[in-house]
Amino acid sequence: GLARANKNDIYAVHEATKNNKNRRLHTFISTSNIHMKYKLKMQPDDVLRAIKESIQYGKKYFDDIEWSCEDGTRSDIEFLYKCFDTAIKSGATTVNIADTVGYTMPDEFQDIISKIKNNVPNIDKVIFSVHCHNDLGFAVSNSISALNVGVRQIECTINGLGERAGNASLEEIVMALNTRADIFPYRTSVLTNYLTEISDKVSTYSGFNVPPNKAIVGKNAFAHESGIHQHGVIMNLQTYEIIKPNKVGADGSKIVMGKHSGRNAFKYKLLEMGFNLKNNEIEHAFHLFKKLADSKKIVSDKQLKELIKSI
């Protein structure tokens, strides 16, 4: 359960989770100058005191405590050292840095984390975590880059859901590590063949539709319309697919018939649909298909079937 650095929030998390196993309190406070001045209306010493008191109070109810610095990547680095040191000395078992407004670039993020790890005593005794937002589109890149400087927990969400532009996308992180195992020696226990199913469920329950071009779980993730791409995947799927669809629970590769489709894909699609036409019939059908595709852009299987039957 997530709690601000105050006793009421922490006790509320205790009450909500007291009958559950593997409980964790996650308490946080802002550490950037702009947040401390305008949001918290607190001085740096007040923040340090709040970190100590909130974690020590949390220890009454929780063995597992995560502490986060909100807006950590826009915070003064020397002050961050004090905050992390205080959190660990007070009993935090996981410490987390949040790129709350998605401001940081991967190389900057790595540098901040490395400096914290090199300047905070006992940082090696706790798990280091990151929490990235996607305001500039770097949430996944930042999260993965952090692994290379010792981070071992990534906070992420299904479909990248989250405040404003969202958080780091779980399915993208998992499949990046899975697909590029040649350069990433990190593993997760996520069952990847359920990714598409859970994405669909979250989309349905949350009311947030997944963009068709969303990596890994978008409906176009394994769809090919360009004639060049279609010809390649017909010959060998690996020409344009680096992930097997069934690995993420997707239905399979899709040859999408549209204005960019060529003859090879058209013939392949007809055979796939059970139509075995002669060469002259195929040429005539292809001519009609291209006329239809120019007006429709994408031609559905139903429309294609009607076109063939009309010949």
Side-chain angles (χ1 to χ4, degrees), residues 137 140 158-160 166 169-182 190-204 207-311:
V140 170
I158 302 292
N159 297 339
S169 166
L170 179 145
E171 58 275 5
E172 292 176 24
I173 292 167
V174 168
M175 291 312 298
L177 299 182
N178 189 297
T179 305
R180 295 308 312 272
D182 57 319
V190 174
L191 302 176
T192 63
N193 57 306
Y194 288 102
L195 287 174
T196 298
E197 180 182 346
I198 194 67
S199 169
D200 290 343
K201 287 183 185 294
V202 170
S203 177
T204 298
F208 284 90
N209 293 327
V210 176
N213 63 334
K214 168 77 168 64
I216 314 300
V217 292
K219 70 176 184 179
N220 289 348
F222 301 100
H224 308 275
E225 190 212 342
S226 162
I228 295 170
H229 287 219
Q230 289 176 337
H231 180 65
V233 297
I234 289 169
M235 297 296 105
N236 187 319
L237 288 172
Q238 290 182 324
T239 54
Y240 288 102
E241 287 185 4
I242 58 171
I243 300 169
K244 291 182 179 179
N246 63 359
K247 198 164 190 178
V248 296
D251 291 336
S253 306
K254 299 174 186 174
I255 298 295
V256 179
M257 302 309 297
K259 62 187 296 184
H260 301 112
S261 299
R263 280 179 174 78
N264 285 321
F266 184 71
K267 292 177 184 178
Y268 178 85
K269 189 70 175 179
L270 292 186
L271 288 172
E272 192 179 62
M273 295 174 68
F275 294 106
N276 192 6
L277 304 183
K278 296 176 182 177
N279 285 341
N280 62 323
E281 292 174 325
I282 290 174
E283 284 302 313
H284 179 52
F286 184 67
H287 174 71
L288 295 176
F289 159 73
K290 292 300 280 187
K291 286 181 65 176
L292 180 61
D294 281 339
S295 62
K296 297 283 187 182
K297 190 176 185 299
I298 300 297
V299 178
S300 68
D301 286 3
K302 181 181 178 182
Q303 290 170 327
L304 193 57
K305 190 176 292 184
E306 290 172 352
L307 183 148
I308 299 302
K309 287 182 178 179
S310 71
I311 298 174

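All heavy atoms count here, side chains included; hydrogens, waters and symmetry mates do not.
Inter-residue side-chain proximity for K254 and N220 is flagged as unmet; no heavy-atom pair is nearer than 4.5 Å. Counting heavy atoms from C-beta on, the side chains of N178 and K247 come closer than 4.5 Å. The shortest distance between side-chain heavy atoms of H231 and Y268 does not fall below 4.5 Å. Two residues are said to be in side-chain contact when any heavy atoms from C-beta on lie closer than 4.5 Å; S253 and L237 meet this criterion. Counting heavy atoms from C-beta outward, K296 and M257 have side chains that stay 4.5 Å or more apart.
When every heavy atom of A265 is checked against every heavy atom of Q230, the shortest pair comes out as CB-OE1, 2.8 Å. Nearest heavy-atom pair, K267 versus I282, reported as atom, atom and distance to 0.1 Å: CG-CG2, 4.0 Å. Between P245 and G252, the shortest heavy-atom distance links the atoms CB-CA, 3.5 Å. When all heavy atoms of N193 and N246 are compared, the pair lying nearest together is CB-O, 4.0 Å. The two residues I243 and F222 have their closest heavy-atom pair at O-CE2, 3.3 Å. Heavy-atom minimum distance, N159 versus K214: O-CE, 3.9 Å.
Atom CG of L195 is separated from atom CE of M175 by 7.0 Å, given to the nearest 0.5 angstrom. Annotation: the span from I308 atom CD1 to L270 atom CG amounts to 4.5 Å, rounded to 0.5 Å. With rounding to the nearest 0.5 Å, the separation of NZ in K278 from CD in E283 is 15.0 Å. To the nearest 0.5 Å, the span separating CG on L304 from CD on E306 amounts to 10.0 Å. The CZ atom of F275 sits 9.5 Å away from atom CG of L307, with the distance rounded to the nearest 0.5 Å. Atom OG1 of residue T179 and atom CG of residue D182 lie 9.5 Å apart, to the nearest 0.5 angstrom.
Looking at K259, its side chain never comes within 3.5 Å of a backbone N or O of I298 through a donor-acceptor pair. Panel note: side chain T204, backbone D200; a donor-acceptor pair is recorded below 3.5 Å. For S261 (side chain) and V256 (main-chain N/O), a donor-acceptor pair under 3.5 Å exists by modelled atom type. The backbone N or O of L292 sits less than 3.5 Å from a side-chain atom of S295, completing a donor-acceptor pair. Looking at Q303, its side chain does come within 3.5 Å of a backbone N or O of S300 through a donor-acceptor pair.
Sparse packing is recorded around CG of N279, with 12 or fewer heavy atoms of other residues, nucleotides or ligands lying under 6.0 Å away. Heavy-atom contacts from other residues, nucleotides or ligands closer than 6.0 Å to CD of E272 number more than 12. No more than 12 heavy-atom neighbours from other residues, nucleotides or ligands sit within 6.0 angstrom of CD1 on I228. Other residues, nucleotides and ligands place no more than 12 heavy atoms under 6.0 Å from the NZ atom of K219. Summarising the local packing, CG of D294 is surrounded by more than 12 heavy atoms from other residues, nucleotides or ligands at distances under 6.0 Å.
The aromatic rings of H229 and H224 lie tilted to each other, with the angle between the two planes from 30° to 60°.
In summary, the side chains of E171 and S199 do not present any donor paired with an acceptor at a separation below 3.5 Å, with no hydrogens or angles considered.
The side-chain contact (heavy atoms from CB on, under 4.5 Å) test with I198 is passed by exactly one of V190, I158, V217, L170: I158.
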